[in-house]
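Below you'll find the structure, written out as structure tokens, and then a few comments.
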Amino acid sequence: MTIEMDATRQDLDSDVILDVDNLTVDFSSDDGPVRAVRGVSYRLRRGESLGIVGESGSGKSVTSMAIMGLLPRTATVNGAARLNGQSLLGLNDAEISKIRGNKIAMIFQDPLTSLNPVYTVGKQLAEAVLVHNKIGKARAREQAIELLDLVGIPNPKQRVDSYPHEMSGGMRQRVVIAIAMANQPDVIIADEPTTALDVTVQAQVMEALESARKETGAAMVLITHDLGVIAGHVERVLVMYAGKPVETAPVDDLFYSPRMPYTLGLLGSLPRMDEARSHRLTPIKGTPPSMVNLPPGCPFEPRCPISQDICRETEPELFQLEIPGRSSACHFHEQLVDAEAGDVYKTDTAEAEEA
């Protein structure tokens, strides 16, 4: 029995493509060190999709920038991040450049910051191919046209010679997706890929991203502050607050049975089509804490409607719940079984109704 369990565990471990273990990131400031990331750990398996959600400033993007080796030298990065068993931290520019864009790719929030305005999109796509492959320029141009067609750019043979400013925001984001998938990476990190787009174009861009995943077989990390975006696009969710994971769960479990007050608040602030028009959203009062000189206790305590003395004294660990794959950083996670946002944030809801 033990031998069989060990073999199963080894099979699961061998399928891990990105392994992040206790990752921390500090920045120096005049007021002291900024603890931007405080111990992030997760494992991503081949073909799997993971959503990382949280408010702005929770450390989502910094975590991925550290993995990609894109942080400034003033950042202090500790912990581990391994891609196919190879450490990504501490590599020099030449070493990380062989991996970045080839084995792991990143899609940024604003495509205009990713695309060079003085080169055509076809030239930039071809460059992404030529950097990691020994092929001719003519073949690289053909691949650029094929990639544009794959992500849904109309008339790709003509559009390959367009400049970024000649395209809409949604089309530019598709071009960035095409660049990310150019070398069929093992992992694609998408950092808020739909933030600046309207709802209809968001759906089109996410469809293009799903097509890229199917074509390359890549695993995906989808970073967003919008829980509505991750529904239907990821298998697991990691919720971050104040630089740390505060809840992890399969996506369906997170939506139907959250076990962290912060997650409940995020879900309660999300408009739903199955609610009556008179239904009011549940706001989370206050703002995220400063990451300089964090006080003891739970960082969410000043905004939490169920906090008690222990919350101000001791920061909760990430408790493993009774359901496999689920964890919660809340001292009172057992009291939140079957809880709804309106129940936990009832004071806030009552005030909203009076207003």
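These numbers were taken from a predicted model, which means no experiment stands behind them.
Heavy-atom neighbours of Asp338 CG from other residues, nucleotides or ligands within 6.0 Å: at or below the threshold of 12. Annotation for Gln158: atom CD counts as buried by contact number, over 12 foreign heavy atoms lying within 6.0 Å. Summarising the local packing, CD of Glu55 is surrounded by more than 12 heavy atoms from other residues, nucleotides or ligands at distances under 6.0 Å. Residue Glu95 places its CD atom among more than 12 non-hydrogen atoms of other residues, nucleotides or ligands, all under 6.0 Å distant.
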**OP:** Start with the C-alpha gap between Asn293 and Asp31, add the side-chain angles, then the distance that decides, and say whether side chain to side chain donor-acceptor pair (under 3.5 Å) holds.
**Re:** CA-CA 9 Å; Asn293 299 320; Asp31 297 323; over 6 Å; no
Original post:
Gln202 and Val205: side-chain contact (heavy atoms from CB on, under 4.5 Å), yes or no, with the steps?
Top reply: CA-CA 5 Å; Gln202 278 186 7; Val205 168; 5.9 Å; no
**OP:** Run the numbers on Leu227 and Leu254 for side-chain contact (heavy atoms from CB on, under 4.5 Å), then give the verdict.
**Re:** CA-CA 10 Å; Leu227 280 166; Leu254 188 91; 4.1 Å; yes
Original post:
Given Glu146 and Arg139, is the salt bridge (charged side-chain N to carboxylate O under 4.0 Å, His left out) satisfied, shown in steps?
Top reply: CA-CA 11 Å; Glu146 292 171 2; Arg139 177 56 188 147; 3.4 Å; yes
Original post:
Where do Glu127 and Tyr119 land on the side-chain contact (heavy atoms from CB on, under 4.5 Å) test, with the steps shown first?
Top reply: CA-CA 11 Å; Glu127 182 183 22; Tyr119 292 113; 6.0 Å; no
Subject >> Step-by-step side-chain contact (heavy atoms from CB on, under 4.5 Å) determination, His333 to Leu321 >> reply: CA-CA 9 Å; His333 60 86; Leu321 305 185; 3.3 Å; yes
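A single hydrophobic cluster is seen to contain both Ile189 and Val25, as judged by linkage of ILVMFWY side chains at heavy-atom distances under 4.5 Å, directly or through other members. By the criterion of side-chain heavy atoms lying less than 4.5 angstrom apart, applied directly or through intervening Ile, Leu, Val, Met, Phe, Trp or Tyr residues, Val201 is grouped together with Met171 in one hydrophobic cluster. If you chain together hydrophobic residues whose side chains sit under 4.5 Å apart, Tyr163 and Ile179 never meet in one group. There is a path of hydrophobic side-chain contacts, each under 4.5 Å, that joins Ile310 to Met260. A chain of hydrophobic side-chain contacts below 4.5 Å, direct or via other Ile, Leu, Val, Met, Phe, Trp or Tyr residues, connects Val77 to Tyr42.
Here the SG atom belonging to Cys298 is positioned 11.0 Å from the CZ atom belonging to Arg312, to the nearest 0.5 angstrom. Note that the CG atom of Leu147 and the CD1 atom of Ile145 stand 10.5 Å from one another [nearest 0.5 Å]. Between Asp191 atom CG and Ile223 atom CD1 the span is 4.5 Å, to the nearest 0.5 Å. Atoms CG and CZ, from Asp26 and Arg35 in turn, are 4.5 Å apart once rounded to the nearest 0.5 Å. Put simply, CG on Leu115 and CZ on Arg172 are 8.0 Å apart, with the number rounded to the nearest 0.5 Å. To the nearest 0.5 angstrom, Leu18 atom CG is 9.0 Å from Asn84 atom CG.
Side chain of Ser257 to backbone of Asp253: no donor-acceptor contact under 3.5 angstrom is found. Judged by distance alone, with hydrogens and angles left aside, the side-chain atoms of Ser64 form no donor-acceptor pair with the main-chain N or O of Ser61 at under 3.5 Å. Of the possible polar contacts, one joining the Asp110 side chain to the Leu112 backbone as a donor-acceptor pair under 3.5 Å is found. Side-chain N or O atoms of Glu192 include one that pairs as donor or acceptor with a backbone N or O of His225 at under 3.5 Å. Of the possible polar contacts, one joining the Ser49 side chain to the Glu235 backbone as a donor-acceptor pair under 3.5 Å is found. At distances below 3.5 Å, at least one donor-acceptor pair connects side-chain atoms of Lys60 with backbone N or O atoms of Gly54. Side chain of Tyr345 to main chain of Pro261: a donor-acceptor pair is present (N/O by atom type, distance under 3.5 Å, no hydrogens or angles).
Glu247 and Arg259 are not joined by a salt bridge, as no carboxylate oxygen comes within less than 4.0 angstrom of a charged side-chain nitrogen. Using a 4.0 Å cut-off between a side-chain N of Lys or Arg and a carboxylate O of Asp or Glu, Arg213 and Glu48 do not qualify as a salt bridge. With respect to Asp161 and Arg141, a salt bridge is recorded, a charged nitrogen being found less than 4.0 Å from a carboxylate O. The pair Lys137-Glu142 does not count as a salt bridge, with every side-chain nitrogen at least 4.0 angstrom from each carboxylate oxygen. In this structure, Arg43 pairs ionically with Asp19, as a charged nitrogen and a carboxylate oxygen lie closer than 4.0 Å.
Taking the side chain as every heavy atom from C-beta outward, Phe108 and Leu70 approach each other to under 4.5 Å. Side-chain contact between Val237 and Leu50: absent, with no pair of heavy atoms (C-beta onward) separated by less than 4.5 Å. Leu294 places none of its side-chain heavy atoms less than 4.5 Å from the side chain of Glu315. Side-chain atoms of Gln173 and Ile107, non-hydrogen and from C-beta on, do get closer than 4.5 Å to each other. In this structure the side chain of Val121 never reaches within 4.5 angstrom of the side chain of Val160, judged on heavy atoms. Taking the side chain as every heavy atom from C-beta outward, Val62 and Phe27 approach each other to under 4.5 Å. The side-chain heavy atoms of Arg303 and Pro288, taken from C-beta on, include a pair separated by under 4.5 Å. Side-chain contact check for Met291 versus Arg38: some heavy-atom pair is nearer than 4.5 Å.
Partners of Glu207 by side-chain contact (heavy atoms from CB on, under 4.5 Å), not counting sequence neighbours: none found. Legend: residues meeting side-chain contact (heavy atoms from CB on, under 4.5 Å) with His233, ordered by chain and number and at least two apart, are Met206, Glu210, Leu222. Qualifying side-chain contact (heavy atoms from CB on, under 4.5 Å) partners for Thr63, counting only residues two or more places apart in sequence or in other chains: Leu23, Val37, Val40, Ile67, Met240.
Under the 3.5 Å distance criterion, with hydrogens and angles disregarded, no donor-acceptor pair is assigned to the side chains of Ser41 and Asn22. For Asn133 and Asn183, the side-chain atoms include at least one donor-acceptor pair closer than 3.5 Å.
Between Ala231 and Phe255, the shortest heavy-atom distance links the atoms CB-CZ, 3.9 Å. Summarising the geometry of Cys311 relative to Phe332, their closest heavy-atom pair is SG-CE1, 3.5 Å, with the distance given to 0.1 Å. Across every non-hydrogen atom of Leu150 and Met181, the tightest pair is CD2-CE, 2.9 Å. Ile96 approaches Met68 most closely through the heavy-atom pair CG1-O, 3.8 Å. Between Ala208 and Arg174, the closest heavy-atom pair is CB-CG, 4.4 Å. What you find for Ala218 and Pro185 is that their closest heavy atoms are CB-O, 3.3 Å.
Using cut-offs of 30° and 60° for the angle between ring planes, the Tyr241 and Phe300 rings count as perpendicular.
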